[in-house]
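Below: one structure, written as structure tokens.
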Amino acid sequence: MSRELRVAIFIVLCFGTLFAGIPNTHAQEVSPQRPGSTPRAVPEEQKESSPRIPVIVEHAGSDPIGIRLAFALKETFGKSTLFRLAVGEEKKITLRMATKAEFTDRPGLASGWTVIWLFTEQSDVLGFYLESDLGFTGREELGDVAVSVASRTEEIAKRFSYLFE
């Protein structure tokens, strides 16, 4: 066998074993369903078995990226299976967010943000401080920052879950 052929076989074997352990991230999961059938709705009893954490996002700031971040955060909570946007008088986690343009002469470049997590029982009662965080973000990282804040909110909700009882 020639040297070139052995090298080619070696390369094929190396890449084959290398890529064999990597999962296909582009593959779509197919649910077993008969053609022509409609998907079943989740029963109400099953929905209520895992209560969603009520949250509200209050934003202060007029910078464009900060406004987008607050909206992305509300959108993340609205789409989440762990959270729901609070309505009316109920026990909830309040996220007070303040944003400011990092550079006043270039407001669309980046924003500094801070979030304070509060437990709020009623609107006429002072909220209890739970935690706070701050950071900087640009337009490209808005979704990642929103998911990170939502994840942190879930950790805080677990730690202070006794407040909701």
Side-chain angles (χ1 to χ4, degrees), residues 15 18-31 39 41-44 46-165:
F15 280 109
L18 176 68
F19 291 117
I22 298 175
N24 185 358
T25 58
H26 298 292
Q28 295 180 352
E29 190 173 314
V30 179
S31 61
V42 178
E44 289 298 319
Q46 197 173 9
K47 286 182 185 177
E48 293 301 320
S49 66
S50 59
R52 295 165 65 190
I53 302 162
V55 295
I56 189 164
V57 178
E58 297 174 353
H59 176 248
S62 58
D63 58 310
I65 293 180
I67 292 170
R68 287 184 188 150
L69 177 59
F71 185 76
L73 189 56
K74 289 176 185 179
E75 201 172 50
T76 301
F77 285 134
K79 291 179 181 178
S80 173
T81 57
L82 297 172
F83 303 102
R84 65 180 172 79
L85 295 174
V87 291
E89 294 291 321
E90 63 179 328
K91 295 179 180 181
K92 60 188 162 271
I93 292 181
T94 302
L95 283 84
R96 290 220 175 123
M97 173 178 269
T99 59
K100 186 163 178 66
E102 184 176 15
F103 304 106
T104 54
D105 54 338
R106 297 184 290 174
L109 188 61
S111 283
W113 56 268
T114 183
V115 176
I116 299 172
W117 285 269
L118 301 168
F119 173 76
T120 310
E121 199 163 350
Q122 296 174 352
S123 62
D124 59 344
V125 178
L126 285 175
F128 297 102
Y129 172 87
L130 302 175
E131 202 165 312
S132 62
D133 195 9
L134 60 97
F136 289 93
T137 186
R139 249 180 274 167
E140 297 81 26
E141 300 92 22
L142 289 176
D144 294 337
V145 172
V147 169
S148 173
V149 171
S151 173
R152 185 100 177 261
T153 303
E154 195 245 341
E155 292 169 7
I156 292 168
K158 280 183 183 176
R159 192 171 349 130
F160 296 99
S161 62
Y162 64 89
L163 294 172
F164 289 97
E165 296 171 357

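Proximity of D133 to W117: side-chain heavy atoms (C-beta onward) are separated by under 4.5 Å at one or more points. Contact of the L163 side chain with the K91 side chain is not registered, since no non-hydrogen atoms from C-beta on lie closer than 4.5 Å. Side-chain contact between E155 and E131 is absent, with no heavy atoms from C-beta onward closer than 4.5 Å. At least one side-chain heavy atom of L69 sits under 4.5 Å from a side-chain heavy atom of M97. Under the 4.5 Å side-chain criterion, counting only non-hydrogen atoms from C-beta, F136 is not in contact with E141. Here the side chains of T99 and I65 are not in contact, with every heavy-atom distance at 4.5 Å or above. With contacts defined as side-chain heavy-atom distances shorter than 4.5 Å, the pair V149/W113 qualifies. The shortest side-chain heavy-atom distance between T94 and E58 falls under the 4.5 Å cut-off.
Taken from NZ in K79 to CG in L85, the straight-line distance is 12.0 Å, to the nearest 0.5 Å. Rounding to the nearest 0.5 Å gives a distance of 9.0 Å between CD1 of I56 and CD of E90. From S151, atom OG reaches atom CG of D144 across 12.0 Å, with rounding to the nearest 0.5 Å. In this structure, T81 OG1 and I53 CD1 are separated by 10.0 Å, a value rounded to the nearest 0.5 Å. A distance of 4.0 Å separates CD1 in I93 from CZ in F164, rounded to the nearest 0.5 Å. One finds the CZ atom of R68 at 16.0 Å from the CG atom of L73 (value rounded to the nearest 0.5 Å).
Checked by atom type and distance alone, the side chain of Q122 never pairs as donor or acceptor with a backbone atom of E89 at under 3.5 Å. In this structure a side-chain-to-backbone donor-acceptor pair under 3.5 Å is present from T76 to A72. Although no hydrogens or angles enter the test, the distance criterion places a donor-acceptor pair under 3.5 Å between the side chain of R52 and the main chain of S80.
What you find for L118 and Y129 is that their closest heavy atoms are CD2-CA, 3.6 Å. Nearest heavy-atom pair, A86 versus P54, reported as atom, atom and distance to 0.1 Å: CB-CB, 4.0 Å. Shortest non-hydrogen contact noted between S132 and I116 is CB-CG1, 4.1 Å.
F128 and F119 have parallel rings, their planes meeting at less than 30° on a 0 to 90° scale where 60° marks the start of perpendicular.
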